[in-house]
Every structure is written in structure tokens, then in C-alpha cells.
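Sequence lines set the chain letters: A, B, ... in the order given, protein chains first and strands last, and positions in each chain run from 1. All values below were derived from every heavy atom in this structure, side-chain atoms included, with hydrogens, water molecules and symmetry-related copies excluded.
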There are 2 protein chains.
Amino acid sequence: MTAGSPLRERKKQRTRQALIDAALTLFGSRGFGGVTLDELCDEVEVSKRTFFRYFASKEDVAMAPLEDMWRAFLEGLETADPDGRPLLELMEAALLAALDQVADDAWAGRALLSYRLSRQTPSMDAHTLHFCDSTMRAVLEILHRRLDLPDDARPRLAGDMLVAAWRYALDGWAAGARDRPDGRELAARVRDAVAALPGSLHLTAAPRG
Amino acid sequence: MTAGSPLRERKKQRTRQALIDAALTLFGSRGFGGVTLDELCDEVEVSKRTFFRYFASKEDVAMAPLEDMWRAFLEGLETADPDGRPLLELMEAALLAALDQVADDAWAGRALLSYRLSRQTPSMDAHTLHFCDSTMRAVLEILHRRLDLPDDARPRLAGDMLVAAWRYALDGWAAGARDRPDGRELAARVRDAVAALPGSLHLTAAPRG
DNA sequence: CAACAATATGCCACTCAGTGGCATTCGCTT
DNA sequence: AAGCGAATGCCACTGAGTGGCATATTGTTG
């Protein structure tokens, strides 16, 4: 065995990553619906049965980059120091930390592909939204356990606000079509979006013309 | 022909409603996954092919009550008077108006069944989230057309805040397990949740114990 | 009322995502 | 080298969703 991890485990990780990369490539060039799982599995030389031991659905494999980031976010929250800060600020910091942790160049490229796919593919978009929502519920469970949160709407609303800001940031980041997507720029956009939250509460609108 | 609407149209509406009611009943008693479309179609005496001319998916038929409300919301926004109010307040008013318009007793019962199903069924939850999100995009298109909105994050964040408040309200409403679900109570919960939005921005949390 | 156009429905065969069961292979331990 | 457990492959199956075409039902026109 080499470098810490058992061989079997490394092999699994390689298979998993190969499936993700092949999926993003194939979906990216021929569209999500234009590729069957059989084709994807042939490409990676894996049986369809095995695919479903790694991923819960066809959508799931293409969402992996985002899922990895949220997983890091959850882990970070377990040990984050509340420090008397507002809840939203605490979550923002944890999100930025998670992003910083996973967002190397390879991740940024995959995340960009993944996000663009999900905006083109209704079923992927739905899965992504669902994943964010259930992750946020897990977040609130952790926070309720660790902090003395009130039992009213505010914690959940704050969580949904963070998700809204995150999605807006991701949207702008993906729209700025660069060849070299950059994790730090995404982080900056997250900060901006969170900063825009208070102003959106009282934004007034005049009729046009 | 009777009372305005052509006979053919009424027949279609009856078939549609029969499918919705049968779906909510069957899914409610045996679970979403415990009922096949063939069974549902047999129940209503309609071919599976016809089912898919009314609904885009198995999930869709069980989301109909919520979809109807959002449709009314969209229509209301087309003519709503901005009146110099904050955007969020404008959307809240339109949501409450739409709710008031569609929420008779029959609707409340169906909406309750529908929401509970979607909380038990991941694929339905995902579809619901996706529907809310794309509806909110349509909302913003309308508002950008009618009002002089800034081209930054704030309008979208405000929209997502309304959705967050709506979902929280629905959650509490459905949890208060009543035999006679009431549309007016849901409206009150929406008002409360929207009112809680500002406070959630700066909510601070002390460590437990 | 008869013939016609338009639209809604039914039927059939098909693709493909996802699952269960079981035999096989592979990595690890002793 | 032998044996254990985990990962994989293979096969058959269910069920959602679609396309094509024939049929029926409604609305319209002479």
C-alpha cells in the first residue's frame, strides 16, 4: 500500500472521479438528455449496476462538485466558533471557508460545467435545489444543537437567505464566461450577494416610463 | 352549451380534476411510490397517454393545487399597482391576493394533502422547489418589464425571500394538523413569516449550555 | 340533418432510468 | 496459499415517459 489510504479505497475514488469527469464531459457536449447511462458506463468501463452504487441518480453524478462543497460546509459548521456574531455572518464565514477548502482550479472548472448543466436541465436544477434545501435543514439541525437558537422562523429564513445569495453569486460567476474560472472570484461574489441582502428588504420600485 | 364555457372545455377540466383528486387520494393512502400511473389511470378510466397530455410528470399531478395558486399570483402581478411600496411588500400583497382568490375549503384540503406528500417524497419536493424557482424568475421578468428595477442582486434576493417565507408559512400551517384546513390561517402565517424576515438578518446566537 | 374539420383519446410498441438477486472477482489478512 | 469480505458484473424486471397512428367525440358548415 502507498501513502496512507488503502489501495481499495483509492481505486473507488478513482472510479468515482472518472464517472464524474466522463459525465461532465459527455453531458457538456451532447446535453444531459443526449447521453444514456449505458453510454456513460461504457465510457468508464463500469457496469450500470456499479454506477448506482456510487450515485443515487443520473442527475447526482453531475452535481458532485457542488455537493462536495456543501459537505465541507457542513463539516466546518460542526466546529465553527459562533463568537457572538449574527447567525447569517457565521454561516457566510463557514461557506467561504468551505469554498476556500475545496475550490482549487480543477474544482472550479468542474463546478462551472456542473452549474451550467443544471441551468439547462430542469431535472438537474430540481435536484440541485432539493439538495440545497435538505442541506440547509441539516445545517439548522447542527446549529440548533450547538447554539441556543429561537424556535421561530428566523433561523430558517436566515438559512434560505444564504442559499439565495449563494445561488445569485454562482449565477453571476458562471455568466462571466471565462476560460479560467476562479474560486476566489466566486468567494468575492458570495460576499457581495450576502451584503446585498439587507438592501433587498426595502428596495422600492417606481413604475416604468 | 351551458353557462359560457364550451362543453369540450368543461369535460377537460373535469378529467383534469378527477386525475388530481384520484392522485391525491391514492398517493395519500399508499404513498407516492406505492401507486403506479397505470393504477391511477385505471381509477379515472383514462389512458396513460392521456394522462401525459394533462400533466408533465407523475409529480406534476400532485402539485396542481400549489401551481394553481402561483398561476393566480403571476396574473395578479401583471396588473398590481406598485404604488411606491417596497418590492417585497408588493409581492407579499400579490401573494395574499392570489391565496384569497383560490383558497376555498376544497383548495385548502387539497393543498394540505399536496404539501404533505411533497415533504415525504424527495422527487416531489424537488419538483416543487424547481417550480417555485422558475415561477419566481417569471415574476422578476414581469416586474422588470413593468417597473424600473435595478439590475443587481436585490430584486432576485427579495423574490427568494418571499419564497422562503411562503415555504415556512406552509410548513407551520401543515404541521398544525387540523381536520378543517383554513386558507385564512395560511394567509396570516404568510404575513408573520414575511414580517420575520428583517429580524432574521441580524439574529445572533449564543453557544448552548 | 349530413358531411366535414378539428381536437381529444386510445392503443401499441419502444427507450431508458433504476432495482433486486446472485455469481464472480478482487483486495486484504493470516 | 487459503479464506474472508467487499466490490463488481450480469441478467431479468418494473415503471415512467414518448412517438406514431387509428379512432372517437365535439363543434361547425351547408
Side-chain angles (χ1 to χ4, degrees), chain A residues 1-20 22-23 26-27 30-64 117-118 121-128 130-131, chain B residues 1-20 22-23 26-27 30-64 117-118 121-127 130:
Chain A
M1 69 183 71
T2 351
S5 55
L7 176 60
R8 183 185 277 168
E9 208 56 33
R10 275 184 299 152
K11 214 170 175 180
K12 275 173 65 176
Q13 288 312 312
R14 238 186 302 140
T15 303
R16 182 186 137 88
Q17 200 56 54
L19 281 168
I20 294 169
L26 287 177
F27 294 166
R30 285 153 53 198
F32 182 82
V35 182
T36 67
L37 281 183
D38 288 318
E39 290 173 312
L40 173 59
C41 292
D42 280 355
E43 186 76 20
V44 188
E45 290 180 308
V46 148
S47 77
K48 199 174 57 168
R49 200 68 190 79
T50 294
F51 174 92
F52 283 105
R53 290 190 184 100
Y54 284 88
F55 302 98
S57 67
K58 188 183 177 186
E59 287 81 15
D60 198 30
V61 66
M63 292 167 45
L117 271 171
S118 91
T121 313
S123 73
M124 267 193 68
D125 199 43
H127 272 71
T128 303
H130 176 71
F131 175 77
Chain B
M1 67 182 75
T2 353
S5 55
L7 176 58
R8 184 182 272 169
E9 208 54 34
R10 275 183 299 153
K11 213 171 175 180
K12 275 174 65 176
Q13 287 313 311
R14 238 185 303 140
T15 302
R16 183 186 136 88
Q17 200 56 53
L19 280 168
I20 294 170
L26 287 176
F27 294 166
R30 286 153 52 197
F32 182 82
V35 182
T36 67
L37 280 183
D38 288 317
E39 290 173 311
L40 173 58
C41 291
D42 280 356
E43 186 76 20
V44 188
E45 289 180 308
V46 150
S47 78
K48 198 172 60 168
R49 201 68 191 76
T50 295
F51 174 91
F52 282 105
R53 291 189 183 102
Y54 283 89
F55 302 99
S57 68
K58 188 183 176 186
E59 288 81 16
D60 196 30
V61 64
M63 292 167 44
L117 271 171
S118 91
T121 313
S123 72
M124 267 193 68
D125 200 41
H127 273 70
H130 177 70

Enquirer: Which residues pass the ring-ring contact (aromatic ring centres under 6.0 Å, His included) test with B:Phe55, sequence neighbours left out?
Expert: B:Phe51
Enquirer: Rounded to the Å, how far apart are A:Arg10 CZ and D:dA7 P?
Expert: 16 Å
Enquirer: For residues A:Phe52 and A:Leu37, report the shortest heavy-atom separation together with the two atoms involved.
Expert: CZ-CD1, 3.4 Å
Enquirer: Take atom CD of A:Glu59 and atom C1' of C:dC16, then tell me their distance rounded to the nearest Å.
Expert: 13 Å
Enquirer: Would you say A:Phe27 and A:Val61 make side-chain contact, with heavy atoms under 4.5 Å?
Expert: yes
Enquirer: Tell me: NZ of B:Lys58 to P of D:dG15, nearest whole Å?
Expert: 9 Å
Enquirer: What pairs of nitrogen or oxygen atoms, one from the protein and one from nucleotides 8-10 of chain C, lie under 3.5 Å apart?
Expert:
from, atom 1, to, atom 2, distance (Å)
C:dA8, OP1, B:Lys12, NZ, 3.0
C:dT9, OP1, B:Tyr54, OH, 2.9
C:dT9, OP2, B:Tyr54, OH, 3.4
C:dG10, OP2, B:Ser47, N, 2.9
C:dG10, OP2, B:Ser47, OG, 3.2
C:dG10, OP2, B:Thr50, OG1, 2.7
C:dG10, O6, B:Arg53, NH2, 2.9

Enquirer: Can you tell me which residue pairs pass the salt bridge (charged side-chain N to carboxylate O under 4.0 Å, His left out) test with a partner in residues 36-53 of chain A, sequence neighbours excluded?
Expert: A:Arg30-A:Glu39
Enquirer: B:Leu40 and B:Ala23: which non-hydrogen atoms are nearest, and at how many Å?
Expert: CD1-N, 3.6 Å
Enquirer: Check whether any side-chain heavy atom of A:Arg10 sits under 4.5 Å from a side-chain heavy atom of A:Gln13, and report yes or no.
Expert: no
Enquirer: Got a donor-acceptor contact below 3.5 angstrom from the B:His127 side chain to the B:Ser123 backbone?
Expert: yes
Enquirer: For residues 31-44 of chain B, which residues have at least one heavy atom under 4.0 Å from DNA chain D?
Expert: B:Val35, B:Thr36, B:Leu37
Enquirer: Give me the bend of the helix from C:dC1-D:dG30 to C:dT30-D:dA1, using the axes of the five pairs at each end, rounded to 10°.
Expert: 10°
Enquirer: Out of curiosity, A:Met124 CE to A:Asp60 CG, how far, rounded to the nearest 0.5 Å?
Expert: 9.5 Å
Enquirer: Which whole-number value in Å describes the distance from A:Arg14 CZ to C:dG27 C1'?
Expert: 13 Å
Enquirer: Taking the side chain as every heavy atom from C-beta outward, state whether B:Lys11 and B:Arg14 have any pair of such atoms under 4.5 Å apart.
Expert: yes
Enquirer: Give me the atom names and distance for the closest heavy-atom approach of B:Asp125 to B:Ser118.
Expert: CB-O, 3.2 Å
Enquirer: List in chain and number order the residues that pass side chain to side chain donor-acceptor pair (under 3.5 Å) with A:Thr15, two or more places apart in sequence or in another chain; answer none if no residue qualifies.
Expert: none
Enquirer: Taking CZ from A:Phe52 and P from D:dC10, how many angstroms apart are they, rounded to a whole number?
Expert: 16 Å
